Amino acid sequence: MSTAQDGFADNWNYLRSELGWLDQVLLAAVARHRKQQKETDRLAQTRADRATSHWWKGIVSLEGNPAYDEYRKPNNAKPQKLGFQQQMDARIQLSRKKGVSLGLPLLRDRLGLSVFEKNAILIGLAPEINRRYARLYRYLKGDDDTPDSDLPSVDLVLRLLCRNDQEWAIARRSFSPDAALIREGVVELYTCTPDTRLKSILRLTEPCVDFLLSSHPSVEQLEAILYPHPLGGGYSPPVSPWMTQIASTTTWEDLVLPRETLTALQAMTQRIQAQATVDHTWGFDQIPGTATQPGLMGWLEGASGTGKTMAARAIAHALAKPLSVVDLQQVDLDDAENLIADLGVQQPTVLLLKSAECWFGRTSEIKRASLHQWLAQRHQVPSLTLLSTQKPETISQHWKSLGYPVFGFPIPKERDRLQLWQRAFPESTPVDDRISWRWLAKSFGISGGEIQAIARDAALYAAAAQETVSMSHLLQALTQRGHAIKSPPPKARRSRRQPSV
């Protein structure tokens, strides 16, 4: 017998467990419905009485029965239901660690669905598995709903899953046109004639049904359902207003980093490139326990200008994907939830979150549950999420304990600074060949970003004077940025400008 300590062997094994829970819900609903019908028949005198029973039963006490909006007895609310959901979540996580892909959890995480919305999908899916659910739905819907439909109505879903008026009011919003279930094409609502939304029939779209019943549901299959590509034209959701997308041309050769950092970044990129081949082409996704979550994450730690963004650009270029950048320092707290929702919909392949301490720091006010849910979505999608920070000491230990790899970006050493100075000016810039690059590298322990900024300042000074960029312009730029000239540069002598390394 499976326990909370066991995962699911496959997608069907998972669905059987969910349907077992639905069987209990329907069994209780049928029992209540039969009892209600008997009480209605006993007290109702006319057909009109029976037709209005749901109204007057909320006023007339029937042997202590609750009103319609409390149709489920509080003491029969099955306190183990919460335990069941927790057990299911634990088993889902174990299954993921073993490489078992589960359709409904993938869909729930991808769209950030609530437990109610997930269960509503399950209720709509059940008749596609066994028609006995259709017969139960017809009985529970009663004569006032469409009699020949195998599918549940919105009203029936709300009655089955909501325990009181407050839950009902919140849950009903899940069937509005702008709700995720409708907006993303998971559920369609049908009415034969102009009618109330409650009477609408809830039907899962065929691609969604196929995905949920698939033996091996995949993230790629889900993405194709949510964002189809009609006639090869391609569709992508709108870019979040807080996100900038960059078509990077930066290559590995452009980076000046410690060898161990560069090697680790390249290894992570190669892992992403090889993942699809190993799992899908070579068939490892068919072997239980061997597949891993496709989404990868890593910390980029270092002072400003040490190459964190440049490294992200090089990774995006190597993967032939755009780089999506969000500076969390520019996002107000009130907008954080909207941004998390946008990122969940947009799902950029390579995402750089700058100033990550704003969300993941010890003093962050962002809801930890929201971040965990979003990170879980990222893990399920082939993607790379880079969390960049200049203040690693402020990151909460909770997030550090998740074990994401850390890539350090130190202030470059003298040898590296020499390369950075030599590369600071484009080839088309007129530069005096008597500049002492070695003296600059030795005298100023600064980052590559600052070297680049100083080079641009020097170029501006030279262009304004209509001169070639010389050592004097560089010294002027260094002084303006607060760097003291402790020793004079060597006497100018002509030497060839050293080529970029």
Side-chain angles (χ1 to χ4, degrees), residues 4 17-40 52-90 92 104-105 107-108 111-127 133 136-142 144-145 151-176 179-182 186-187 189 196-202 204 367 369 373:
S17 295
E18 289 281 21
L19 290 173
W21 168 82
L22 180 58
D23 287 344
Q24 296 181 28
V25 172
L26 291 173
L27 183 63
V30 168
R32 288 193 302 271
H33 189 70
R34 287 175 175 171
K35 184 176 182 181
Q36 177 182 310
Q37 287 299 105
K38 289 179 181 179
E39 292 165 344
T40 300
T52 59
S53 64
H54 281 76
W55 175 77
W56 54 257
K57 279 187 65 182
I59 300 175
V60 180
S61 176
L62 299 177
E63 300 176 2
N65 279 351
Y68 170 70
D69 65 341
E70 296 177 327
Y71 71 90
R72 190 176 298 172
K73 293 182 180 180
N75 61 349
N76 287 337
K78 297 187 181 298
Q80 70 270 23
K81 179 181 178 183
L82 180 59
F84 169 81
Q85 187 61 53
Q86 290 177 332
Q87 290 179 27
M88 289 292 287
D89 290 342
I92 289 169
L104 189 49
L107 179 62
R108 178 186 174 184
L111 298 182
L113 302 179
S114 65
V115 174
F116 170 83
E117 290 169 323
K118 183 266 291 184
N119 288 333
I121 293 174
L122 180 68
I123 291 174
L125 180 66
Y133 292 103
L136 287 171
Y137 294 167
R138 289 184 183 184
Y139 174 73
L140 291 172
K141 285 188 294 184
D144 62 330
D145 277 292
L151 300 172
S153 64
V154 170
D155 177 65
L156 177 61
V157 173
L158 293 171
R159 285 192 282 124
L160 289 174
L161 300 179
C162 299
R163 292 169 294 184
N164 52 54
D165 282 346
Q166 184 178 11
E167 289 187 5
W168 185 95
I170 295 173
R172 193 179 188 277
R173 301 171 194 161
S174 298
F175 302 108
S176 61
L181 291 179
I182 311 299
V186 175
V187 167
L189 300 181
T196 63
R197 188 176 298 167
L198 289 178
K199 195 174 179 181
S200 299
I201 296 300
L202 183 150
L204 301 185
K367 293 180 181 178
Q373 186 177 40

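All values derive from a computational prediction rather than experimental measurement.
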**Least distance between heavy atoms, R173 atom then A179 atom** = O-CB, 3.4 Å
**Request:** With the side chain counted from C-beta on, respond yes when L104 and L125 share a heavy-atom pair under 4.5 Å apart, and no when they do not.
**Result:** no
**Asked** Can you tell if the side chain of L160 reaches within under 4.5 Å of the side chain of N119, non-hydrogen atoms only?
**Response** no
**Asked** Ignoring hydrogens and geometry, is there a side-chain-to-backbone donor-acceptor pair from E117 to S114 under 3.5 Å?
**Response** yes
**Item:** Value rounded to 0.5 Å, distance of NZ in K118 from CD1 in I123
**Value:** 10.0 Å
**Message:** F116 vs I170, test: side-chain contact (heavy atoms from CB on, under 4.5 Å). Steps then yes/no.
**Reply:** CA-CA 10 Å; F116 170 83; I170 295 173; over 6 Å; no
**Request:** In sequence, state the C-alpha distance, the side-chain angles, and the governing distance for K141 and S153, and then conclude on side-chain contact (heavy atoms from CB on, under 4.5 Å).
**Result:** CA-CA 7 Å; K141 285 188 294 184; S153 64; 3.9 Å; yes
**Asked** side-chain contact (heavy atoms from CB on, under 4.5 Å) with L189: which residues, sequence neighbours excluded?
**Response** V154, F175, I182, V187, R197, S200, L202
**Asked** Residues two or more places apart in sequence or in another chain: which of them pass side-chain contact (heavy atoms from CB on, under 4.5 Å) with L27?
**Response** none
**Request:** Measure the shortest side-chain to side-chain distance between P152 and Y133 over non-hydrogen atoms and say whether it is less than 4.5 angstrom.
**Result:** no
**Message:** Can you give me the closest heavy-atom contact between A171 and L158, atom names plus distance?
**Reply:** CB-CD2, 3.7 Å
**Item:** Heavy-atom closest pair, residues G124 and L151
**Value:** O-CD2, 4.3 Å
**Prompt:** Below 4.5 Å, heavy atoms only, C-beta onward: do R108 and V115 meet side chain to side chain?
**Reply:** yes
**Item:** Heavy-atom closest contact (Q373 atom, L113 atom, distance)
**Value:** NE2-O, 4.2 Å
**Message:** Nearest 0.5 angstrom please: R138 CZ to L140 CG, how far?
**Reply:** 13.0 Å
**Message:** Any heavy-atom pair between the side chains of L26 and Y137 that's under 4.5 Å?
**Reply:** yes
**Fill in**
Residues L161 and A120: closest non-hydrogen pair is CD1-N, 3.9 Å
